[in-house]
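Throughout, protein chains are lettered first and strands after them, A, B, ... in sequence-line order, and every chain is numbered starting at 1. Computed from heavy atoms alone, side chains included, the values below leave out hydrogens, waters and symmetry copies. Keep in mind the model is a prediction, meaning the values are calculated, not measured.
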Amino acid sequence: MLIASIKTEILTAVKAACQSQFGQQPEALKLGYPPEVELGDFTVECFPLAKQFRQNPAQIAQAIASEIEPSGSIQSVRAVGPYLNVKIHNHVLFGDVCNEIVGQGECLGSTDIGQGQRVMVEYLSPNTNKPLHLGHIRNGVLGMGVSKLLEATGHTVVKANLVNDRGVHICKSMLAWLKWGDGGTPETTGTKGDHFVGDWYVRYAQEEERQPDLEQETQAMLRKWESDDPETLELWKMMNEWVYGGFAETYQKLGLEFDAFYYESQTYNLGKDLIQTGLDKGAFIVAEDGAVIAKLPIDEFGTQRDGSQKVETLLRGDGTSVYVTQDLGTAKMKFDEHQLDRSIYVVGSEQNYHFQCLFKLLDMLGFEWAPECYHLSYGMVNLPEGRMKSREGTVIDADDLIEEMFQLAADEIRERDSESELSDEEIQKRAFAIGMAAIKFYLLRVRPELTINFDPKESISFDGFTGPYCQYAYARCASILRRAETEDLASVEPDFSLLGNEEELQLIRALIQFPEVVEEAARDLSPARICNHLFTVAQTVNQFYHKHPVLAAESPSLVKARLALINASAAVIKKSLSLLGIETLEEM
RNA sequence: GCGCCCGUAGCUCAGCUGGAUAGAGCACCUGACUUCUAAUCAGGUGGUCGCAGGUUCGAACCCUGCCGGGCGUGCCA
């Protein structure tokens, strides 16, 4: 009996009882869980029925409960006030459920609700003049997380990275390198490529303070770039390659994957023809200075300071494109190239307004897929002293942070390895997995829209509501399962009727809820939901094995039953971690 | 001014989209390693769910209005 079938069985029984007691089918039934596990394994609320059957909910519950005879999976149905609490037979509740969970393997928690849906998740989208920072890590793990959630629910996901590889800021590092770089390269200086280029960007900023006319040289270089000057293009390509090399390393460490790369140098001219279409349709208008603009509806965008209608510029007076121009074109290209059903943009909340405009403009252009574009907005990552500011050097560099987490984890491991039994290689492997788990979980555990106040102490913590805590719970399960293999239990059949204490009930309940949690997380594009549920499972399994011996249980058939529970718990923890992009360790 | 987001324990957050007595973690006390790894577990302290109305049998959750904070607000990305 599958989890889904148990639910259906309960609902079917309730419906049949309503039919015979009240002569009609219930309009709406909601299956939930009682607040205390002792009350039952599932519950059906009778409030909605009260309206339909014109009786008080407690009486309805009574009537239905008396109508349902235990059968199949259902052991008992009891009315408690307005609730119908259902108990499921142990061999189904524990036996069948654990079997199902363990048997599903990689597919655990997967559904097909998104079958046939193609969705693009664009995330990270860095500039090529600076290395990645903490904000990019939040973006990256979030983008990767929602991609995995969508995949788990049957969607076909195209993970895209729109690289901002052109513009003044890129020219600045190019110019600085040309002037003062002395032919150095990442290789000759032993510097990671993105940092190498970023250093020249910083150097530019310093020099510019002393000689403000550098700005003109930058503009001249940008013009050369735009007119396809071969030397400038060559320099540009070379420096961008250095950056990509550096980025690739960081992506790899963070486990970020992409199926498609878009480059703004190739997309920045897209969209101009769409502007013409908009003009032809009368959706856009030409302003006095020749710029193409769109008027934004007041009910959605509010007004300007003076109370007049808001306006968005789509094309400058000189015919050059702006940010939205490019994005309009790219949006269309994405749908055309990949036959998308949905297009998700993982971009920080400071761009909320931009995407509100972009989507409205797509709608004004008449694209039927415009409503399928979605800005997955996430809050900023602030430091204890406020916003990260590159000018003040308070930006937390991604590679530095990764290295720091790795070192901290390694220290912890060595401290616990008092006998020095672990090889250096093993320590490194574990330290990396644990360090990454800490930072990823820390950034994913709150809802995307919330601003994170980056607390260095808390972010490196390995206790409590953290990634390492969850990894540890898994490692403990794995340890018990390993030991079980050395015992002679092969011929013993588990007796699930022996289970049923509070910790066991709480654990199985959490496991049963896993598929719904995945579905909700995917629906809300919120890996935080996975974090919360995962932590509950980890906490519950910790409580369980602390209080109840598994291998030393009273009888072999109880040992087998508890092992099944541990096995299923480990599977759920592993899958949850994997949905968050976090590795599991068999030993910690 | 206008738009969007946020406001729940000292701090950081959950709260299954309206249901059973508001839950965790951190911090602070007190206990538990001869027993499947103490990155663990048990117990304690701690809340007018920003404020005021409204809808409902029932509101932290929905509506309205305030207050406080954040991000934005036509030719940057």
Side-chain angles (χ1 to χ4, degrees), chain A residues 30 32-36 39 43 45 47-48 50-51 56-57 80-83 85 125 127 164 167-169 264 287 289 291-296 298 300-307 310-318 320-327 347-354 356-357 377 379-380 382 387 409 412-413 415-416 434 442 445-447 449-453 455 457-458 461-466 468-469 471-473 475-477 479-484 513 516-517 520 524 528-529 531-533 535-536 539 542-543 545-547 549-553 566 587-588:
Chain A
K30 199 174 128 197
Y33 305 89
E36 308 291 339
L39 291 170
T43 194
E45 295 169 3
F47 296 102
K51 220 169 249 171
N56 91 52
V80 179
Y83 298 94
N85 292 336
S125 303
N127 292 351
N164 182 358
V168 245
H169 49 290
E264 289 193 10
D289 60 356
V292 179
I293 59 168
K295 291 197 167 183
L296 302 168
I298 292 173
E300 290 172 59
F301 290 82
T303 63
Q304 304 202 64
R305 270 171 223 279
D306 61 7
K310 297 199 87 169
V311 159
E312 178 82 353
T313 298
L314 308 177
L315 210 54
R316 292 194 190 94
D318 62 4
T320 56
S321 51
V322 294
Y323 186 38
V324 271
T325 325
Q326 178 262 122
D327 262 2
V347 181
S349 61
E350 68 272 17
Q351 295 199 41
N352 283 357
Y353 179 75
H354 170 256
Q356 199 192 347
C357 288
S377 167
M380 349 193 55
N382 289 336
R387 278 180 85 155
E412 287 281 330
I413 293 166
E415 207 169 292
R416 282 157 226 269
I434 294 168
Y442 178 79
R445 69 186 194 180
V446 301
R447 306 200 308 276
E449 63 268 29
L450 293 189
T451 302
I452 291 181
N453 294 302
D455 181 340
K457 277 195 217 93
E458 212 179 319
S461 166
F462 301 146
D463 308 318
F465 188 29
T466 67
Y469 175 96
Q471 286 176 312
Y472 180 72
R476 291 297 302 270
C477 290
S479 168
I480 293 171
L481 293 169
R482 265 195 312 277
R483 278 172 189 272
Q513 289 172 335
E516 336 170 4
V517 171
E520 287 162 8
D524 299 347
R529 283 187 179 270
C531 291
N532 282 308
H533 179 262
F535 181 62
T536 304
Q539 217 175 12
N542 276 337
Q543 289 163 359
Y545 69 60
H546 255 277
K547 196 158 174 186
V550 176
L551 298 174
I566 289 286
E587 290 178 82
M588 271 176 84

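- Syn is the conformation of U17(B), whose glycosidic angle sits no further than 90° from 0.
- Among the protein residues, Arg483(A) comes within range of the sugar-phosphate backbone only, with heavy atoms under 4.0 Å from sugar or phosphate atoms but none that close to a base.
- Within the 4.0 angstrom heavy-atom criterion, base atoms lie near Glu36(A).
- Side-chain atoms of Asn542(A) stay outside donor-acceptor range of the base of A38(B), with no qualifying N/O pair under 3.5 Å.
- Across all strands shown, C57(B) pairs with G19(B); the Watson-Crick or G-U wobble distances both stay below 3.5 Å.
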query = Going through the distances and angles, do Gln356(A) and Leu296(A) end up as a side chain to side chain contact (heavy atoms under 4.5 Å, CB included)?
reply = CA-CA 10 Å; Gln356(A) 199 192 347; Leu296(A) 302 168; over 6 Å; no
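- Within the nucleic acid shown, Phe462(A) comes within 4.0 Å of at least one base atom, counting heavy atoms only.
- Residue Phe535(A) is classed as a sugar-phosphate contact, given heavy-atom separations below 4.0 Å to backbone atoms only.
- No side-chain donor-acceptor contact under 3.5 Å links Tyr472(A) and Asn542(A).
- Counting non-hydrogen atoms under 4.0 angstrom, Thr536(A) reaches nothing in the nucleic acid.
- Put simply, Tyr472(A) has a side-chain N or O that comes within less than 4.0 Å of OP1 or OP2 on A39(B).
- Contact annotation for Tyr469(A): backbone-only contact, meaning every heavy-atom pair under 4.0 Å involves sugar-phosphate atoms and none involves a base.
- Once rounded to the nearest 0.5 Å, the distance linking NZ of Lys30(A) with OG1 of Thr43(A) reads 10.5 Å.
- Taking a pair to require two hydrogen-bonding distances under 3.5 Å in either a Watson-Crick or a G-U wobble arrangement, C11(B) pairs with G25(B).
- Proximity of Arg476(A) to the phosphate of A39(B): no side-chain N or O atom is located under 4.0 Å from OP1 or OP2.
- A gap of 14 Å separates the P atoms of C6(B) and C16(B), to the nearest Å.
- The same atom, C1', is picked in C71(B) and in G25(B); the two are 28 Å apart, to the nearest Å.
- Counting to the nearest Å, the P atom of C71(B) and the CG atom of Asn382(A) are 8 Å from each other.
- With values rounded to the nearest 0.5 angstrom, Glu516(A) atom CD is found 8.5 Å from His533(A) atom NE2.
- Separating the C1' atom of G50(B) from that of G69(B) is a span of 11 Å, rounded to the nearest Å.
- One finds a side-chain N or O of Gln539(A) lying less than 4.0 angstrom from the OP1 or OP2 phosphate oxygen of G25(B).
- Nucleic acid contact for Pro34(A): base, since at least one base atom lies under 4.0 Å from a heavy atom of the residue.
- As a whole-Å value, the separation of Glu312(A) CD from G72(B) P is 15 Å.
- Between Thr303(A) and G1(B), a side-chain N or O to OP1/OP2 separation shorter than 4.0 Å is absent.
- The base of A39(B) is not paired with the side chain of Thr466(A) by any donor and acceptor separated by under 3.5 Å.
- At the heavy-atom level, Ile413(A) lies under 4.0 Å from base atoms of the strands shown.
- With both ends at atom P, the span from U55(B) to A42(B) equals 45 Å, rounded to whole Å.
- Residue Arg416(A) has no polar side-chain atom (N or O) positioned under 4.0 Å from OP1 or OP2 of U37(B).
- Nucleotide A77(B) forms a pair with no other nucleotide shown, judged by Watson-Crick or G-U wobble geometry with both contacts under 3.5 Å.
- For C4(B), the paired nucleotide is G70(B), the pair qualifying as Watson-Crick or G-U wobble because both relevant distances are below 3.5 Å.
- Counting any heavy atom pair closer than 4.0 Å across all strands shown, Ile298(A) reaches no nucleic acid atom.
- Judged by distance alone, with hydrogens and angles left aside, Asp289(A) brings a side-chain donor or acceptor within reach of the base of C75(B), the pair sitting under 3.5 Å.
- For Leu296(A) and C2(B), the CG to P distance is 17 Å, given to the nearest whole Å.
- The side chain of Arg445(A) places no N or O atom within less than 4.0 Å of a non-bridging phosphate oxygen (OP1 or OP2) of A24(B).
- In textbook terms, a nucleotide whose glycosidic angle is within 90° of 0 is syn, while C61(B), being further out, is anti.
- Among the protein residues, Ala475(A) comes within range of the nucleic acid bases, having at least one heavy atom under 4.0 Å from a base atom.
- Counting non-hydrogen atoms under 4.0 angstrom, Val550(A) reaches a base of the nucleic acid.
- Within the nucleic acid shown, Gln304(A) comes within 4.0 Å of at least one base atom, counting heavy atoms only.
- Residue Gln543(A) has a polar side-chain atom (N or O) positioned under 4.0 Å from OP1 or OP2 of A42(B).
- Base pairing of U64(B): its partner is A52(B), meeting the Watson-Crick or G-U wobble criterion (both donor-acceptor distances under 3.5 Å).
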inquiry  = Set out, in order, the CA-CA distance, both residues' side-chain angles and the distance that settles side chain to side chain contact (heavy atoms under 4.5 Å, CB included) for Ser377(A) and Val347(A), then state yes or no.
reply    = CA-CA 5 Å; Ser377(A) 167; Val347(A) 181; over 6 Å; no
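- Using a 4.0 Å heavy-atom distance criterion, Asn85(A) is classed as a base contact.
- Residue order along RNA chain B, read from the 5' end via each residue's closest nucleotide, puts Val446(A) first among Ala409(A) and Val446(A).
- Taking a pair to require two hydrogen-bonding distances under 3.5 Å in either a Watson-Crick or a G-U wobble arrangement, G46(B) remains unpaired.
- Each of Asp524(A) and Glu458(A) was assigned the nucleotide of RNA chain B with the nearest heavy atom; the assignment lying further toward the 5' end belongs to Glu458(A).
- Using a distance-only test at 3.5 Å, with no hydrogens or angles considered, a donor-acceptor pair links the side chain of Arg445(A) to the main chain of Phe465(A).
- Side chains of Tyr353(A) and Glu312(A) form a contact here, defined as non-hydrogen atoms less than 4.5 Å apart.
- Candidate nucleotides C75(B), G3(B), U40(B) were compared by shortest atom distance to the side chain of His546(A), and U40(B) ranks first.
- Taking the C1' atoms as reference points, A9(B) lies 24 Å from C5(B), given to the whole Å.
- Taking atom P on both A24(B) and A14(B), the two are 16 Å apart, rounded to the nearest angstrom.
- Here the P atom of nucleotide U8(B) and the CG atom of Leu450(A) are 10 Å apart, to the nearest Å.
- Distance alone, capped at 3.5 Å, places no donor-acceptor pair between the Gln304(A) side chain and the Val311(A) backbone.
- Annotation: U45(B) and C29(B) have their C1' atoms spaced 8 Å apart (nearest Å).
- Distance, His354(A) NE2 to C76(B) C1': 11 Å, rounded to whole Å.
- Across G74(B) and A20(B), the matching P atoms stand 46 Å from one another, rounded to whole Å.
- For Tyr545(A) and U35(B), the OH to P distance is 15 Å, given to the nearest whole Å.
- Residue Arg316(A) has a polar side-chain atom (N or O) positioned under 4.0 Å from OP1 or OP2 of C76(B).
- Across all strands shown, the partner of A32(B) is U40(B), judged by Watson-Crick or G-U wobble contacts whose two distances both fall under 3.5 Å.
- At the heavy-atom level, Glu587(A) lies under 4.0 Å from base atoms of the strands shown.
- Side-chain proximity of Glu449(A) to C6(B), G74(B), G1(B): nearest is C6(B).
- In this pair, Tyr323(A) and His354(A) present their aromatic rings parallel. The plane angle is below 30°, not in the 30 to 60° band.
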